[in-house]
S.K.: 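Structure incoming, see below.
Treat the numbers as computed from the prediction; the structure is a model and nothing was measured. Throughout, a chain's letter reflects where its sequence line sits, starting with A, and its residues are numbered from 1.
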Amino acid sequence: MRLQYPPNVKIICLPCTGKVDLIHILRAFEKGADGVYVAGCLEGACQFGNGNIKARKRVEQAKNILEKVGIGGERVQMYNLSSSEAPRFVEIAKEMTEKITAMGPNPIKMAKKKMAA
Amino acid sequence: MIVAKQKPLEEIIEELQDYTKILVAGCNECVTVCEAGGKKETAILASSLRMYFLNQGKDVKIDEVTLERQCDHEYLEEIRKVIGSYEAILSLACGVGVQFMAEKYFSVPVFPGVDTCFMGVTEERGVWSERCQGCGQCILARTAGICPVSRCAKRLLNGPCGGSTKGKCEIDKELDCAWQIIIDRLKELGKLEQYEQLSPIKDWSTERAGGPRKITREDIRQ
Ligand code: SF4
Ligand code: SF4
């Protein structure tokens, strides 16, 4: 199945979403990412037990922080899908792209540009 | 260990409003274990603060460092050479560390990033509870190794109050009655007769009631 997903989505491969730390998500935003989403396996189907549950909690923590620092908690999301669901993967990539496009660019990126100018 | 919890981000931001060069200093010991001020939390907080100030259009330099301990001279000395380049320090160590930092670097403003709560244990990841109040005269030998000073709401020394119900404390149905645990353990140890022995009146002068405490050991002092 060769499906197309929006080219602005950059994939970072990890052995398990349990490897995603809060600092990884924050650094992505600090470096200027407009949005981040974590695509984990379906809940209950984690090969390592509860990696995707841990990831969900960290995404929640990131949301909380992004909201407080004024970037917007909605810019980070957790999704759960199985590795065989390619059409769903594309759907999520589109959904997230539309959502972030509507929110506009990461204000940090804009502030950095302004400061450099 | 000393158990602390991180202050709300809003409060930390408020503390730091007036500064443009800030060092966020974590501690590798107690606050690392209770996930309040270790290397990870230091990185997360520093990143959050950088984003907050940038978003406010403020050019604030925020660096991070995590010291082995902040309650010992030798580790605090490690930042002496860089301290001059900061206007303020946000310490994520317990109150001990924050104060030792403030005493050592007398002309630099030091702010606390955590609320220091108690001396306790990790029951499970994310759950910590109190075990010791540092009363200065340990009575655990008489109480089957369970401390009524820190674990009984009324600090009773001679058996439970009338509020002890089905093993729980009257102040909170979720909280085990310390004296129930003491009695259960004395039974288990076959030493229930100890329960009959009255505890003498405790000398509270070795606790905080006697003012700030200090230990000086001439045998090892240099
Ligand atoms: S400064 Fe506080 S948190 Fe750090 S090691 Fe010392 S007692 Fe523990
Ligand atoms: S119920 Fe037990 S723990 Fe609670 S105050 Fe009374 S004796 Fe202390």
Side-chain angles (χ1 to χ4, degrees), chain A residues 12 14 16-36 38 46 48-76 100 103-117, chain B residues 4-17 19-22 24-28 31-66 90 92 113-115 122 124-128:
Chain A
I12 298 171
L14 292 168
C16 170
T17 48
K19 185 74 191 86
V20 181
D21 239 323
L22 177 51
I23 190 64
H24 299 143
I25 303 177
L26 295 185
R27 288 241 167 88
F29 284 101
E30 225 190 311
K31 287 187 174 171
D34 297 316
V36 170
V38 179
C46 177
F48 299 99
N50 60 358
N52 47 5
I53 309 284
K54 285 182 181 150
R56 177 171 294 281
K57 288 196 172 182
R58 289 168 195 159
V59 166
E60 285 307 317
Q61 289 172 332
K63 269 185 186 297
N64 192 10
I65 291 176
L66 292 178
E67 200 56 43
K68 285 186 180 172
V69 300
I71 294 179
E74 284 301 299
R75 289 183 186 274
V76 57
I100 300 300
M103 285 183 84
N106 174 355
I108 294 297
K109 191 165 61 182
M110 309 313 280
K112 269 189 185 166
K113 271 189 194 154
K114 222 185 202 173
M115 230 164 252
Chain B
K5 63 176 192 307
Q6 206 169 95
K7 281 183 176 289
L9 190 56
E10 300 86 331
E11 193 181 331
I12 295 175
I13 288 169
E14 191 58 41
E15 287 175 357
L16 301 173
Q17 278 300 339
Y19 305 98
T20 58
K21 287 176 193 135
I22 302 162
V24 183
C27 180
N28 248 338
V31 287
T32 296
V33 183
C34 62
E35 301 188 42
K39 196 173 180 185
K40 250 188 186 181
E41 293 75 28
T42 301
I44 290 163
L45 187 61
S47 171
S48 309
L49 289 171
R50 278 192 294 266
M51 286 195 277
Y52 172 80
F53 286 118
L54 253 175
N55 198 28
Q56 297 289 309
K58 288 189 190 168
D59 190 7
V60 182
K61 172 179 145 85
I62 296 171
D63 292 337
E64 50 196 81
V65 66
T66 301
L90 176 72
L92 294 190
V114 305
D115 287 318
T122 308
E124 58 182 271
R125 187 164 178 209
V127 181
W128 295 272

S.K.: Tell me whether A:M110 at atom CE has more than 12 heavy atoms from other residues, nucleotides or ligands lying less than 6.0 Å away.
M.R.: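 Not buried by this count: 12 neighbours or fewer within 6.0 Å.
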
S.K.: Please enumerate all residues that pass side-chain contact (heavy atoms from CB on, under 4.5 Å) together with A:A111, with sequence neighbours excluded.
M.R.: B:L54

S.K.: Minimum heavy-atom separation for B:I44 to A:L22, with atom names?
M.R.: CD1-CD2, 3.7 Å

S.K.: Can you pull out all donor-acceptor pairs below 3.5 Å that join chain A and chain B?
M.R.:
residue	atom	partner	partner atom	Å
A:D21	OD1	B:K40	NZ	3.4
A:D21	OD2	B:K40	NZ	3.1
A:E30	OE1	B:S47	OG	2.8
A:E30	OE1	B:R50	NH2	3.4
A:E30	OE2	B:R50	NE	2.5
A:V69	O	B:N55	ND2	3.1
A:G70	O	B:N55	ND2	3.0

S.K.: Which atom pair, heavy atoms only, marks the closest approach of A:L26 to B:M51?
M.R.: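 Looking at all heavy atoms of both residues, the shortest contact is O-CE, 3.8 Å.
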
S.K.: For A:I25, is it the side chain, the backbone, both or neither that has a heavy atom under 4.5 Å from a heavy atom of chain B?
M.R.: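 Answer is neither: A:I25 stays 4.5 Å or more from chain B.
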
S.K.: Kindly write out the residues that satisfy side-chain contact (heavy atoms from CB on, under 4.5 Å) with B:A25, not counting sequence neighbours, or none if the list is empty.
M.R.: B:V65, B:Q70, B:I89, B:M101

